[in-house]
Every structure is written in C-alpha cells, then in structure tokens.
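Have a look at the structure below before the remarks.
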Amino acid sequence: MLTNGMLLREKLAEDILQLGVVDVIGLSFDGGTPEAFEAMRTNAVWPVFFQNVKNLHAVNTRLGKPARIYGITCIPADKPLHAKWMHPEFRELYDVLDWFELRRLHNWAGEISSVAVREKRHKIGCSMLMKQMVLLPNGDITVCCSDLNSKGVVGNLQQQDLVSILHSENRKRYLNLLLRRRKSQLDLCRECETF
C-alpha cells in the first residue's frame, strides 16, 4: 500500500494492519522540510502527517510489526540527496521507517511539463508496473501511481477480482511493450521519464 498518509489516522491504521492483507506500507512525503512538504503536496498539513506516521509506527509495533513501513521523498534539484540538511522531524520519521528512498522530482508520466526529462537510454521495463497496481476511488485499477489522469486503467474491482486484473491481457500488454522498449506505444508511458 502506498499512501500520502493524510487520512491514515490511528484507528484506520490499526484496522488496515489487523486485516492481515497489507505487508508493506509506503508513505510519500516530499520536500525535506514542513514548509516544502506543504508546498509540494496540495492540501497536506505537516503536523497531521507527522502524527499519523508516528501513530502508524506505534500501532505496527504494538501488533508485532505485521507490515514493513517505508518512505519516498522527492527532493528539489537545489538540495542534496541525503537527509543531513532536512528538518529534524523528517529525520525523526526516517528513524522509525524500515527504509526510505530519496528521489528527484519527476514528470508524473509526462503530465508535468515543467520537470526536465532525463534520458535513460539503457532502461528496460518499468519497476512501478512490475511492483504495483493502484486502486482509484471508483474501483478502477491503474498500472502506476504516476497515472494522474487514469490513462493506464486495466480493470475495475467492482467488476473483477484483483488476481484477474493482475493477469489481465491489458496489464500484460504494458509489461510486454515496456520490456521490448516500446513505451512510445503506450499513452500513459510515452512521455514518462521516471522509472
């Protein structure tokens, strides 16, 4: 599960963990400082996010750590890719995570034109597609969390079960084309430089 953590209050975190179906929880928190976090994540409030992550860690620990918890932080180009310069509360959260990843900003599958595209000539496939499927509020499943406009929908949980969607011809088409370096044939992936 990957979340921005804003709605992950203590009770919801406990309910999710007790279901026993989530073994990894990823948290997206960008910027490196509370101010940058709130500027980069529309409608996000740092104190709420910070407390939600602390509560998630406490509940996970109390329940015997049924899930591994990690963080993803996009770092602006003018800041170094390490945590030493970051606000103490960011570093405090990293200390309770099982691991974290620091990344540069990306172009969200070509939807954000203000981010320079970096050519990855030797890149084959897509780690996002291979590792995840994303559940949207209406039940649609898309192949990527960078899919801001539902271009990569491969099924709907209200019409199919998750395993059927995972093995669907729609999803396999994405995998096959990306593994053959033909992302130009996929609307969602054509302009993506992320993974």
Side-chain angles (χ1 to χ4, degrees), residues 1-8 12-13 16-17 19-30 40-44 49 56 66-75 97-195:
M1 181 174 104
L2 179 61
T3 176
N4 66 16
M6 288 306 302
L7 299 178
L8 198 58
L12 179 58
I16 290 169
L17 290 168
L19 286 173
V21 296
V22 176
D23 60 352
V24 177
I25 298 175
L27 299 154
S28 296
F29 56 111
D30 302 322
M40 293 171 77
R41 294 225 157 238
T42 303
N43 297 322
F49 175 84
L56 171 64
R68 293 175 295 145
I69 303 171
Y70 73 98
I72 299 171
T73 302
C74 288
I75 306 295
L97 300 175
D98 293 299
W99 76 92
F100 63 92
E101 180 182 340
L102 305 179
R103 299 178 180 168
R104 289 294 178 206
L105 293 172
H106 56 85
N107 72 357
W108 289 96
E111 296 295 323
I112 308 296
S113 60
S114 62
V115 176
V117 173
R118 297 167 295 192
E119 184 180 348
K120 297 180 180 180
R121 294 183 326 198
H122 304 291
K123 179 78 174 108
I124 297 174
C126 174
S127 60
M128 299 304 279
L129 176 62
M130 293 166 62
K131 293 181 181 179
Q132 69 176 12
M133 293 191 306
V134 179
L135 173 62
L136 302 175
N138 67 352
D140 282 347
I141 299 289
T142 181
V143 295
C144 181
C145 65
S146 293
D147 186 6
L148 298 178
N149 294 305
S150 301
K151 290 180 182 176
V153 172
V154 292
N156 185 291
L157 274 183
Q158 296 177 28
Q159 300 163 4
Q160 301 166 268
D161 64 85
L162 191 58
V163 174
S164 297
I165 296 169
L166 176 70
H167 297 293
S168 71
E169 291 304 315
N170 262 346
R171 184 168 175 278
K172 286 179 185 176
R173 178 175 171 264
Y174 275 88
L175 287 166
N176 290 331
L177 288 171
L178 288 171
L179 289 173
R180 293 188 345 243
R181 292 184 173 159
R182 294 185 177 176
K183 74 177 198 169
S184 63
Q185 295 178 21
L186 297 165
D187 288 342
L188 172 62
C189 307
R190 182 176 298 123
E191 301 299 324
C192 182
E193 55 82 40
T194 309
F195 300 99

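This structure is a prediction, so every number in the text was calculated from the model and none was measured.
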Are any non-hydrogen side-chain atoms of [X] and [Y] less than 4.5 angstrom apart?
X	Y	answer
Met1	Leu8	yes
Leu177	Lys183	no
Leu175	Leu178	no

request  = Please report the closest heavy-atom contact between Leu17 and Ala67, naming both atoms and the distance.
outcome  = CD2-CB, 3.6 Å
query = Where do Ile75 and Leu102 come nearest, in terms of heavy atoms and distance?
reply =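 Here Ile75 and Leu102 meet closest at CG1-CB, 4.2 Å.
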task = Please indicate whether Leu19 has more than 12 foreign heavy atoms, meaning atoms of other residues, nucleotides or ligands, lying under 6.0 Å from its CG.
result = yes
Enter the distance from [X]:[atom1] to [Y]:[atom2] here, rounded to the nearest 0.5 Å.
X	Y	atom1	atom2	result
Leu186	Cys144	CG	SG	11.5 Å
Leu162	His167	CG	NE2	9.5 Å
Asp30	Met40	CG	CE	4.5 Å
Leu56	Ile16	CG	CD1	8.5 Å
Asn43	Met6	CG	CE	8.5 Å
Ile141	Ser150	CD1	OG	11.0 Å

task = Could you walk me through whether Phe29 and Arg41 pass side chain to side chain contact (heavy atoms under 4.5 Å, CB included), step by step?
result = CA-CA 8 Å; Phe29 56 111; Arg41 294 225 157 238; 5.8 Å; no
ask   = What residue pairs, at least two apart or across chains, pass salt bridge (Lys or Arg N to Asp or Glu O under 4.0 Å) with a residue in residues 135-146?
value = none
key: Partners meeting side-chain hydrogen bond (donor to acceptor under 3.5 Å, both in side chains) with Asp23 (sequence neighbours left out)   = none
query = Excluding sequence neighbours, so at least two apart, what forms side-chain hydrogen bond (donor to acceptor under 3.5 Å, both in side chains) with Thr142?
reply = Asp147
request  = Might you work through the side chain to side chain contact (heavy atoms under 4.5 Å, CB included) test for Met133 and Arg171, ending with a clear yes or no?
outcome  = CA-CA 9 Å; Met133 293 191 306; Arg171 184 168 175 278; 3.7 Å; yes
task = Kindly indicate, with the supporting measurements, whether the criterion side chain to side chain contact (heavy atoms under 4.5 Å, CB included) is fulfilled by Tyr70 and Leu2.
result = CA-CA 9 Å; Tyr70 73 98; Leu2 179 61; 4.0 Å; yes
task = Start with the C-alpha distance between Ile165 and Leu157, add both sets of side-chain angles, then the distance that settles side chain to side chain contact (heavy atoms under 4.5 Å, CB included), and finish with yes or no.
result = CA-CA 8 Å; Ile165 296 169; Leu157 274 183; 4.2 Å; yes
message = Looking at Lys151, is its backbone amide N or carbonyl O close enough to the side chain of Asn149 to form a donor-acceptor pair, meaning the two atoms are under 3.5 Å apart?
response = no
inquiry  = I'd like to know if the side chain of Gln158 reaches the main chain of Asn138, judged simply by a donor and an acceptor atom lying under 3.5 Å from each other, with no hydrogens or angles considered.
reply    = yes
